[in-house]
Amino acid sequence: MSITRLTTNGLTGTKYDTVSADNYYMEPIATTLLASSQATISFTNIPQNYKHLQVRAFGKSTTTSDQDLRWQYNGDTSASYSIHYLLGNGSGAFAAGAANNTLIRANSTLVRSTYTSVYGAVVIDILDYANPYKNKTSRHLGGSENNTSGQIILDSGCWYNTAPITSILFYPSSGNFDTYSRISLYGLKA
Amino acid sequence: MAKTATYSLIASTTLTGTAAQIDFNSIPGTFTDLVMVITGVSNSNDNIFYRFNGSSSAFYSRTDLYGTGTTASSIRASSQTQGRLTNYGYPSTTVGEQNTIWHIMDYANTTTYKTSLCRSNRASSGVDAMVNLFSSTSAITSISLATNTFTGTANWQSGTTAKLYGIQAGSN
């Protein structure tokens, strides 16, 4: 990264502000905000010029039970994913995993329709998504809380495919995304 | 179209003395999510509490997943008069021993309640992953942070930092 700006920050000495020289570390790529319920949310033609992707989701299910946020890459529906999670539900900590899965998921992050104003949340980091030599690993922090019960999850997923990720399809484990659900995609530069 | 950089610093506080609470007021409603990064220093091993918009109503609830080095478990609390970000990953009297990264989603949305996620880390004590709910549809315009409750006598100590960032989503 070339230095194109030199600043002093008021302290003794000179500070080379390479951060300010290229202030595009995190850029919004696209957002889907639902005006009505919908079965899936997809991002296609994802630009390949970032280092990592981040997904920020704020979602709700149309069903009467909490649902997982699920996703697949590049239209791949084969058993080429694995997942692991650590979950707390207010009573205890639980862990589980699955190999040879057909999807990646963030557990119970879409709040049931019963709680009309409550939405779940998840932040997903997809690392080295455009690297053609690596399988694709993601980490997720997510949860839902409705003042009666809640779940907080730390989980990870892997797509056993070295192809760069060019599309992501999101969908609930059951039912549809409810109105005002939002999924935002960001690119992080190196 | 040129991209607009996001993850913008809205405000930053670094304490050079003690403070009963740290306030971020007049938060602009132009972003989609907020992220706050806290490195806390307390009187003596005190938790981080928060309030939105100065509200002391019983609107706060949380579910916490924690690890202590010997135990992993989970607790929750409902209808609290203040929110909480730590349980075992709480600040100590040592500068730089603790941090909290807190994601406040859709903070300016006037249709939904406010869900937030945080990780709190203190290597000498434990870690927390927490989901919080503020059961109000009001947009968040201020955030207050206290250590050992808003009604207690403990203060934030010198060396405490809190930085508030705004993240703007792209267009549909």
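Side chains are part of it too, since the values below use all heavy atoms of this structure and drop only hydrogens, waters and symmetry mates. Just so it is clear: chains get the letters A, B, ... in the order the sequence lines come, proteins before strands, and each one is counted from 1.
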Can you name the nearest heavy-atom pair linking A/Leu86 to B/Leu65, along with the distance? CG-CD2, 3.7 Å
Short side-chain to backbone donor-acceptor contact, B/Ser74 and A/Gly90, under 3.5 Å: yes
Checking B/Ser79 against A/Asn147 for the side-chain contact (heavy atoms from CB on, under 4.5 Å) test, could you report, in this order, the C-alpha distance in whole Å, the side-chain angles of both residues, the deciding distance, and whether it holds? CA-CA 7 Å; B/Ser79 302; A/Asn147 198 39; 3.1 Å; yes
Chi angles and distances behind the side-chain contact (heavy atoms from CB on, under 4.5 Å) call for A/Glu145, B/Met130: CA-CA 10 Å; A/Glu145 165 61 44; B/Met130 203 176 291; over 6 Å; no
Please classify the contact between A/Thr148 and chain B as side chain, backbone, both or neither, with a heavy-atom cut-off of under 4.5 Å. backbone
Can you check side-chain contact (heavy atoms from CB on, under 4.5 Å) on A/Arg182 and B/Thr32, steps first, answer last? CA-CA 10 Å; A/Arg182 167 182 67 86; B/Thr32 307; 3.3 Å; yes
If Ile, Leu, Val, Met, Phe, Trp and Tyr residues are connected whenever their side-chain heavy atoms lie under 4.5 Å apart, and connections chain through other members, are A/Leu69 and A/Ile168 in the same group? yes
B/Tyr113 versus A/Phe58, closest heavy-atom pair with distance: O-CZ, 3.8 Å
Other residues, nucleotides and ligands only: do more than 12 of their heavy atoms fall within 6.0 Å of OH on A/Tyr115? yes
Check the hydrophobic clustering (I, L, V, M, F, W, Y; side-chain heavy atoms under 4.5 Å; chains of links allowed) and say if A/Val55 and A/Ile83 are grouped together. yes
Heavy-atom cut-off 4.5 Å, strictly under: side chain, backbone, both or neither for A/Ser184 against chain B? side chain
Would a single hydrophobic cluster contain both B/Val37 and B/Ile27, if residues Ile, Leu, Val, Met, Phe, Trp and Tyr are joined by side-chain heavy-atom contacts under 4.5 Å? no
Single-linkage hydrophobic cluster A/Tyr85~A/Ile152, side-chain heavy atoms < 4.5 angstrom: no
For B/Ala169 and A/Pro28, which heavy atoms make the closest approach, and how far apart are they? C-CB, 3.8 Å
Give the minimum heavy-atom separation between A/Ser91 and B/Ser73, together with the two atoms involved. O-OG, 4.1 Å
Atom group of A/Leu87 that falls short of 4.5 Å from chain B, counting heavy atoms: backbone
Examine B/Ile48 and B/Tyr90 and state if one hydrophobic cluster contains both, with Ile, Leu, Val, Met, Phe, Trp and Tyr joined whenever side-chain heavy atoms are less than 4.5 Å apart. no
So the side chain to side chain donor-acceptor pair (under 3.5 Å) pairs with at least one residue in residues 14-23 of chain B (sequence neighbours excluded) are B/Gln21-B/Asp23, B/Asp23-B/Ser144
Where does A/Ala57 contact chain B at under 4.5 Å (heavy atoms): side chain, backbone, both or neither? backbone
Working to the nearest 0.5 angstrom, can you tell me the gap between A/Gln54 CD and B/Tyr7 OH? 7.0 Å
Is there a side-chain contact (heavy atoms from CB on, under 4.5 Å) between B/Asp106 and A/Tyr119? Walk through the geometry before answering. CA-CA 10 Å; B/Asp106 268 45; A/Tyr119 286 65; over 6 Å; no
So do the side chains of B/Arg119 and A/Val123 get within less than 4.5 Å of each other, counting heavy atoms only? no
For A/Val122, is it the side chain, the backbone, both or neither that has a heavy atom under 4.5 Å from a heavy atom of chain B? backbone
Top contributor to chain A contacts, counting heavy-atom pairs under 4.5 Å, from B/Asp33, B/Thr115, B/Ile75: B/Asp33
Here the pair of heavy atoms bringing A/Gly143 nearest to B/Leu117 is N-CD2, 3.7 Å
Mind listing the closest non-hydrogen atom pair of B/Gln168 and A/Tyr186 along with its distance? O-CE2, 3.3 Å
Residue, of A/Gly142, A/Ala121, A/Ala95, that accumulates the most heavy atom pairs under 4.5 Å with chain B: A/Ala121
